[in-house]
Asks: 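Can you read through this structure? Questions will come right after.
Quick caveat: nothing in here was measured; it's all calculated off a predicted structure. The analysis underlying the following values was restricted to heavy atoms, covering all of them including side chains, and did not include hydrogens, waters or symmetry mates. Just so you know, ligand 1 is whichever comes first in the structure, and atom 1 is the first atom listed for that ligand.
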Amino acid sequence: MTDRVDYTGEGLDEADLAPTPYEQLTRWIGQATAEGVRAAESPEGLALQFATVDSDGAPNVRTVLMRFLDPRGPGFITDAGSAKAREIAGNPRVAASLGWPELFRVVRFRGVAEPVEAQALADYFGQRPWGSRIAAWASRQSAPVASRAALLAEFDRYAAQFPDHGSPDDVPVPPTWAGFRVRATEVEFWAGRSSRLHDRIVFSATGSATVAAIDGGGPGQIPLLDDPAAWTVSRRQP
Ligand SMILES: Cc1cc2nc3c(=O)[nH]c(=O)nc-3n(C[C@H](O)[C@H](O)[C@H](O)COP(=O)(O)O)c2cc1C
């Protein structure tokens with residue numbers, strides 16, 4: 001194990017906190033993905049750790065890339081047949097975190113997964129490189145595969161079916177192309193500081209966004225991240 005590191009981040013004080021979780025989030029993302037930080041330290045500054053719960057109640061977690069962000073929450077692309085998609089169908093309660101260790105900062109989300117609209121998914125598919133679009137057809141994400149050779153054979157099969165003519169329309173959107181966003185009821189901004197006296201500032205959704213509303217009314221009941229009237233702020237011990 002490595003030596004202890006003292007977390008010498010800037011911290012996060014209530015006086016500097018943005019009025020909404022969305023503004024605080026976009027501020028931190030902007031700082032983390034600015035050219036200098038990103039190039040030097042963090043090639044994937046938008047890697048989201050995304051957690052679900054399976055049908056036995058056991059948690060599951062994996063990395064995805066944040067491809068969408070608006071006041072509804074962070075979103076990503078995935079396969080509709082994947083383990084994560086099946087787990088969401090069984091239980092939409094999810095958690096996610098987005099962090100930049102070099103800045104001693106992490107954002108944590110707890111809430112409910114909501115499907116991304118088909119048009120946004122299709123628009124995004126068309127922007128992908130040809131090989132990635134073919135791979136989306138070739139891979140049945142999370143299913144067993146006999147060997148890497150078997151996967152490559154599937155790739156070759158679809159590559160022959162949908163050849164590369166340099167157009168976004170060369171490859172149709174596969175039926176398994178899916179996406180989800182996290183509709184958060186709680187967003188925690190964690191900022192590492194010296195002597196383990198870290199800052200933890202939490203935005204909690206107020207009003208109807210209770211557990212009952214989530215379970216009864218679906219993700220649409222959850223407030224937008226940029227609504228200043230919808231969130232209360234508190235501080236947790238580190
Ligand atoms: C940096 C990074 C980015 C990734 N981005 C995605 C992504 O955007 N979507 C995705 O489905 N899987 C992505 N993956 C792969 C997932 O971590 C995971 O292996 C896959 O989604 C299957 O997860 P599941 O079986 O739990 O559904 C990424 C992995 C890494 C390391």
Asks: Ring of Y7, cation from R196 - is the NZ or CZ under 6.0 Å from the centre and inside 45° of the axis?
Replies: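 Checked: cation-pi criterion met.
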Asks: Is the count of non-hydrogen atoms from other residues, nucleotides or ligands lying under 6.0 Å from R110 atom CZ greater than 12?
Replies: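 Incorrect, the count does not exceed 12.
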Asks: In terms of atom number and element, which parts of ligand 1 are under 4.0 angstrom from non-hydrogen atoms of A83?
Replies: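 Going through ligand 1 atom by atom, the ones under 4.0 Å from A83 are 24 (P), 25 (O), 26 (O), 27 (O).
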Asks: Any idea which of D54, L48, I77, N60 brings a heavy atom closest to atom 7 (C) of ligand 1?
Replies: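 Checking each option, the heavy atom nearest atom 7 (C) of ligand 1 is found in I77.
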Asks: If you count every heavy atom of other residues, nucleotides or ligands that lies below 6.0 Å from R148 atom CZ, does the total exceed 12?
Replies: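 At most 12 heavy atoms, drawn from other residues, nucleotides or ligands, come within 6.0 Å of this atom.
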Asks: Under 4.0 Å from ligand 1, counting heavy atoms only, is it the side chain of A47, its backbone, both or neither?
Replies: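 Contact part for A47 vs ligand 1: neither.
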Asks: To which of V61, L46, L65, T52 does the heavy atom nearest atom 3 (C) of ligand 1 belong?
Replies: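 It is L65 that holds the nearest heavy atom.
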Asks: Look up atom 17 (O) of ligand 1 and tell me if a protein heavy atom lies less than 4.0 Å from it?
Replies: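 At least one protein heavy atom is under 4.0 Å away.
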Asks: Tell me: protein heavy atom nearest atom 21 (O) of ligand 1, and distance?
Replies: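 Its nearest protein heavy-atom neighbour is K84 NZ, 2.6 Å.
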Asks: Which heavy atom of the protein is the closest neighbour of atom 19 (O) of ligand 1, given with residue, atom name and distance?
Replies: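 Atom 19 (O) of ligand 1 sits closest to the protein heavy atom R62 CB, 4.9 Å.
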Asks: Name the closest protein heavy atom to atom 25 (O) of ligand 1, giving the residue it belongs to and the distance to 0.1 Å.
Replies: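 For this ligand atom, the closest protein heavy atom is S142 OG, 2.6 Å.
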Asks: Under a 4.0 Å heavy-atom limit, does Q141 contact ligand 1 with its side chain, its backbone, both, or neither?
Replies: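 Under 4.0 Å from ligand 1, Q141 contributes side-chain atoms alone.
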Asks: With respect to atom 4 (C) of ligand 1, which of I88, T63, T78, D79 exhibits the smallest heavy-atom separation?
Replies: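 The nearest heavy atom belongs to T63.
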Asks: Does the side chain of T185 come within less than 4.5 Å of V112's, by heavy atoms?
Replies: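 Side chain of V112 against side chain of T185, heavy atoms only: no contact under 4.5 Å found.
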Asks: Side-chain contact, heavy-atom cut-off 4.5 Å: P175 with W137?
Replies: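 SC-SC contact between P175 and W137 confirmed.
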Asks: Check the surroundings of atom CZ in F155: do more than 12 heavy atoms from other residues, nucleotides or ligands lie under 6.0 Å from it?
Replies: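 Enclosed: over 12 neighbouring heavy atoms sit under 6.0 Å from CZ of F155.
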Asks: When you look at R236 and E186, which way does the salt bridge (Lys or Arg N to Asp or Glu O under 4.0 Å) test go after all the steps?
Replies: CA-CA 13 Å; R236 283 184 184 141; E186 180 184 297; 3.3 Å; yes
Asks: Among protein heavy atoms, which sits nearest to atom 6 (C) of ligand 1, and what does the distance come to when rounded to 0.1 Å?
Replies: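 The closest one turns out to be V64 CA, 3.5 Å.
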Asks: If you count heavy atoms of other groups shown closer than 6.0 angstrom to CZ of R108, is the number above 12?
Replies: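 For R108, atom CZ is not crowded (no more than 12 foreign heavy atoms under 6.0 Å).
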